[in-house]
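Every heavy atom of this structure was used, including side-chain atoms; hydrogens, water molecules and symmetry mates were not. We're numbering straight along the sequence, starting at 1.
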Amino acid sequence: MEGDGKRIQIENGSTLFSHEDGSLQTADEDCPVEQVALTVSREDDPSLPVWTFRMWSLGVISCILLSFLNEFFSYRTEPLIITQISVLVAALPFGRFMAAVLPTKRFRVPLLQKEVSLNPGPFNMKEHVLITIFANAGYAFGNGNAYAVGIVDIVKAFYKRKIPFATGLLLIITTQVLGYGWAGLLRKYLVEPSHMWWPSTLVQVSLFRTLHEKEDRRGLSRWQFFLVFMVASFAYYTLPGYLFGTLTSLSWICWIWPYSVTAQQIGSGLKGLGIGAFSADWSGISSYLLSPLVSPFFATLNVAAGYALFLYVMVPIAYWSDVYNAKRFPIFSSHLFTADGQIYDIANIVDNHFHLNRTAYAEQGQVHLSTLFALSYGLSFATITATLTHVICFYGKEILQRSRAAMDAKPDIHTRLMSKYPEIPNYWWYVLLLSSIAASIAVCEGFKDQVQLPWWGLIFACGLASFFTLPIGVITATTNQTPGLNVITEYLMGYILPGKPLANVCFKVYGYMSMSQAVSFLADFKLGHYMKIPPRSMFMVQIIGTIVAGTVNMGVAWWLLNSIKNICDTSVLPINSPWTCPSDRVFFDASVIWGLVSPKRIFGTLGVYSTMNWFFLIGAALPVVVWLLHKALPSVHWIPLINLPVLIGATANMPPATAVNYTSWIAVGTIFNFFLFRYRKAWWQRYNYVLSASLDAGLAFMAVLLYFCLGIENKSIDWWGNQGEHCALASCSTAAGLPRVCT
C-alpha cells in the first residue's frame, strides 16, 4: 500500500520510513508521528470526483437508514447501535455496482453551469469516505441517536407530560449543531498540525485502504461473506427476537435454584451479578459496548478488569455488608426508592409548573438508590478526575511538546497536499456559530415552560463547552481519551437551578453534547485531512448529515412514543416486551437526581450519599500513585499499562447495561481479537470487520420486519422460552424485618 513503510534507524538518530515505491522520507520532514507515517498515504489525486450522484444517494440513504435504526433500537431492552463501520463495509460493493450500471452520458445542469454525469468513472475512495461521514452523522458520531431525544422521551414517557413536536425538533438540531461553529475556528490548532494526530482515525484510514486493495480471489470475497452472514443473522434473529426471547440472557443458575433470592441475585444476567450468564443474541452481546469484534484486545482486557473489580468485588461487599441499607433495595436496579424500599413516586413530587413540590417531597422522604447505582455514580466521579490526572502524569509532557510543535512546526506532507483545495472561509464558521447560538436562545426563550433553561443558562453552557473544547480536543487528538462534561454540567446546574428537571437536562445537553459534537466534528475533519477530502465537501456533508439525522431521530421517536402503548413503563408492560427504554430510564433518573431533587439532597449535605464525593479525590490520586510506581520501578514494564480511567470507567454504561452484556461482550471479544487474531490472522484481517457489519445489518433488518409484521398487531408466542430469563427473585430486596419488595 502506498504510504505503508518500514522504519529505518540511521546514525544521527533520525527515523526514516522506507516505502514500497522505493522512496525514503524522514519523520521530521514529512510526518513526525510514526503511526501516521506508517498508515496514511502521502499521495493525492485532486482530479477524483467527490460530489457525485453515487456519493449523495448512498450517503443520504445510509444517513437516514442509520438514524432510523438507531432511534428505533434505542427504546429496546437491548439497544443495538449500528455504527458507520457497517456502512463503510457495505457501501463499497453498492458503489461499485452503481459505477458498473449507471449511464456515463454527460448532461448540462442549468444551475451549475457545467456538464455532469451520473457515472463519472470508477467508484473511488473519496466518495467512500464522504458516504461514511454521512453515516457517522446517522449514528450521532458514536452516540447511536441524538442525545437530546432523551428530553422528549422522559417528558412524554416518564413524566407523562406534553412537549410540542417543534420544541423537540429544535432542541435536537440546535444541540447537535451548536458546537460546530467554534470547532471550525479551532481547526488550525487541532486538525492541521501533524502533532494533533487523532489515533482513532487511523483505524478507519487503514480499513478504507484495505477494502480498496485488490482482493485475493481465493475463498469468499468480502462482499460474498457479508451477504452470507447477513442472511444468516437475519434468519437467526427470529429466535431471540420472537420465538425464543430467553436466548438474550441464558441465566442457568436461576433455573437450578428457582426459589433462592441469593442464587438469582448471583446468576441473573439482567438483574444481578451475571455469574455464568451468557447471551445467544447479537443485540445482547453488542448493546451499549458496541461490537466486540471492533474493540482491540487490550481495550477488552481493561474493560474486563474494571468490570470484575466493580461487579464481583465492590458491589457484593457493599451489598452484603448492607452499606447505605443496601438490602432494602434490589442488588441491581436503576429505579429510585423510598427509605423502606418502595418505588419512589416521582409524579407525586412534581407540581403543575414542572418544579419540585417541596411539601410532597418532605412527606415521601429522601430519594434512595440501589447500591450498584450509587457506586456507579461514585465511579463516574472518580473517572472524571482520574482521566485528568492520568493524562497529566503520563501524557502531560507529550501534550505540551506536541502543542508547542503544532504551533511552531512547518506544514507536513498532508497539510501541504490539502492546500490544493479551497479553504473554508472563516465567515462560514462565524455565521454557523452565531446562527446556532441565536436559534438555541430562541428555543430557550420561545419555549420557556417546556425547556426551563433561561437564556443566560444557554450562554453559560456555550461558554463552558467552548472553553473545554480546545484542551479536551488536544487530549483526544494525542491520547485517544475524551473526558466528558455530563456529570459536571449536571452538578453545576443542580446547584444553580434546583428543582427544575428540564432546565438541568437541557443545560447538560447544550453544555456536554455541544463539546462532544465539536470534538467528533474535528475528528471527522482529521479523517478527511488524511484521506485528502476537499474541506468544503466535508463541511457540507457533516452539516447536512447532522440535520437529516436529527430530523429522522425526532420523527421516529414521535412515532414510537405515540404508537406503542405504555412504552418505557415496565410496571405495566408484558414481561417479554422489548420496549423497556433502559437508557431513557437512566436519563430520567438523572433528571430527578440532579434537577428535580437536586444534588444537595442526594450527594450533598441534605443527602444520603455525600460520602460518594470522596471518589473525586480517590480518582485524582490513584493515577498519581501508578505514575510514582512507574518512576520508582522503571524496569517493571506492565505498570504503565495500568490505565485507571479505562479501568474505573469500564462500567460507565452500567446501568442501563447489564451483567450479561459485559460477560458476553468480553467473551466474544477475546475469541475474535485474541485467539483468532493470534492464530488465524489472515482470516481475521480479511473477514473480522465484515462479519461485525453483517451481523449488525441482518439483525437490524429482521428486528424492524418483526415489528411491522407482528409487533404492531401485538402478536406473540406465550411459552417458557418467551418469559424472560426466569430470574424474578433477582430484583427483590432482602432486608430482614421488612416486606420483600420486587421491582
Problem - Test item: Ser376 and Thr651 side chains (from C-beta on) under 4.5 Å apart, heavy atoms - result: no

Problem - His529 and Met196, any side-chain heavy atoms less than 4.5 Å apart - result: no

Practice task
Could you tell me whether a side-chain N or O of Thr385 sits under 3.5 Å from a main-chain N or O of Ala620, the two making a donor and an acceptor?
Solution key: yes

Handout entry: From CA spacing to verdict: ring pair (Phe, Tyr, Trp, His ring centres under 6.0 Å), Phe525, Trp198
Key = CA-CA 10 Å; Phe525 255 101; Trp198 298 84; over 10 Å; no

Problem - Beyond-backbone contact of Leu190 with Val519, side-chain heavy atoms, under 4.5 angstrom - result: no

Exercise for the section: Would you name the heavy atoms of Leu66 and Ala135 that are closest together and state the gap between them? Expected result: CD2-O, 3.5 Å

Exercise for the section: Quick one: do Asn504 and Ser591 satisfy side-chain contact (heavy atoms from CB on, under 4.5 Å)? Show the steps, please. Expected result: CA-CA 7 Å; Asn504 192 278; Ser591 76; over 6 Å; no

Exercise for the section: Taking the side chain as every heavy atom from C-beta outward, state whether Ser67 and Met554 have any atom pair closer than 4.5 Å. Expected result: no

Practice task
Give the intermediate values and the outcome of side-chain contact (heavy atoms from CB on, under 4.5 Å) for residues Asn613 and Tyr491.
Solution key: CA-CA 11 Å; Asn613 291 297; Tyr491 224 127; 2.6 Å; yes

Exercise for the section: Without swapping roles, check the side chain of Thr174 against the backbone of Leu170 for a donor-acceptor pair under 3.5 Å. Expected result: yes

Problem - Smallest separation among heavy atoms of Val89 and Ala693, with atom names - result: CB-CB, 4.0 Å

Exercise for the section: Look only at the side chain of Asn553 and the backbone of Ala146, and say whether a donor-acceptor pair between them is shorter than 3.5 Å. Expected result: yes

Practice task
Could you tell me whether Phe587 and Tyr147 have their ring centroids closer than 6.0 angstrom?
Solution key: yes

Handout entry: Non-hydrogen side-chain atoms of Pro454 and Leu497 separated by less than 4.5 Å
Key = yes

Problem - Verdict with supporting geometry, Leu502 and Phe447, side-chain contact (heavy atoms from CB on, under 4.5 Å) - result: CA-CA 12 Å; Leu502 294 187; Phe447 303 98; over 6 Å; no

Practice task
Would you list the pairs meeting ring pair (Phe, Tyr, Trp, His ring centres under 6.0 Å) in which at least one residue belongs to residues 456-475, sequence neighbours left out?
Solution key: Phe460-Phe507

Practice task
Drop me the distance from Gln176's CD to Met513's CE, to the nearest 0.5 angstrom.
Solution key: 5.0 Å

Problem - Distance-only side-chain donor-acceptor flag, Glu127 / Thr52, under 3.5 Å - result: yes

Practice task
Please report the shortest heavy-atom distance between Ala386 and Pro623, naming the atom on each side.
Solution key: O-CG, 3.5 Å

Practice task
Using a 4.5 Å cut-off on heavy atoms from C-beta on, say whether the side chain of Ser440 contacts that of Tyr510.
Solution key: yes

Practice task
Check Pro193 against Arg187 and note the closest heavy-atom contact, atom names and distance.
Solution key: CD-O, 4.2 Å

Practice task
Output yes when a side-chain donor or acceptor of Lys532 lies under 3.5 Å from a complementary backbone atom of Tyr530, and no otherwise.
Solution key: yes

Practice task
Could you tell me the separation between the CG atom of Leu92 and the CD1 atom of Ile131, rounded to the nearest 0.5 Å?
Solution key: 9.5 Å

Practice task
Using a 4.5 Å cut-off on heavy atoms from C-beta on, say whether the side chain of Trp428 contacts that of Arg536.
Solution key: yes

Practice task
Indicate yes or no for a side-chain donor-acceptor contact from Arg42 to the backbone of His414 under 3.5 Å, with no hydrogens or angles considered.
Solution key: no

Exercise for the section: Search all heavy atoms of Ala557 against all heavy atoms of Val149 and return the closest pair with its distance. Expected result: CB-CG1, 3.8 Å

Exercise for the section: Look up atom CE in Met538 and atom CG in Leu527, then write down how far apart they are to the nearest 0.5 Å. Expected result: 6.5 Å

Practice task
Kindly determine whether Trp56 and Phe134 satisfy side-chain contact (heavy atoms from CB on, under 4.5 Å), including the steps that lead there.
Solution key: CA-CA 9 Å; Trp56 283 108; Phe134 254 127; 3.5 Å; yes

Exercise for the section: Give a yes or no on whether the backbone of Leu185 and the side-chain of Asn426 come within a donor-acceptor separation of less than 3.5 Å. Expected result: no

Fill in the blank from the handout: CG (Asn145) and CD1 (Ile81) are apart, to the nearest 0.5 Å, by 7.5 Å

Handout entry: Charged tip of Arg54 within 45° of Phe123 ring normal and under 6.0 Å
Key = no

Problem - Side-chain donor or acceptor of Asn124 paired with backbone N/O of Pro49 under 3.5 Å - result: yes

Problem - Centroid-centroid distance, Trp182 to Phe521, less than 6.0 Å - result: no

Practice task
Indicate yes or no for a side-chain donor-acceptor contact from Ser520 to the backbone of Gln517 under 3.5 Å, with no hydrogens or angles considered.
Solution key: no

Practice task
Answer with yes or no whether the side chains of Ser583 and Tyr288 bring together a donor and an acceptor at under 3.5 Å.
Solution key: no

Handout entry: Sole candidate of Arg416, Lys126, Lys420 that passes side-chain hydrogen bond (donor to acceptor under 3.5 Å, both in side chains) when paired with Asp44
Key = Lys126

Practice task
State, with a plain yes or no, whether a side-chain heavy atom of Cys506 is found less than 4.5 Å away from one of Leu171.
Solution key: yes

Completion exercise
The reported gap from CG in Asn653 to CG in Leu289 (rounded to nearest 0.5 angstrom) is 5.5 Å

Problem - Non-hydrogen atoms of Pro535 and Tyr421 that approach each other most closely - result: CD-CB, 3.7 Å

Handout entry: Spatial distance of atom OG1 (Thr132) from atom CE (Met55) [nearest 0.5 Å]
Key = 11.5 Å

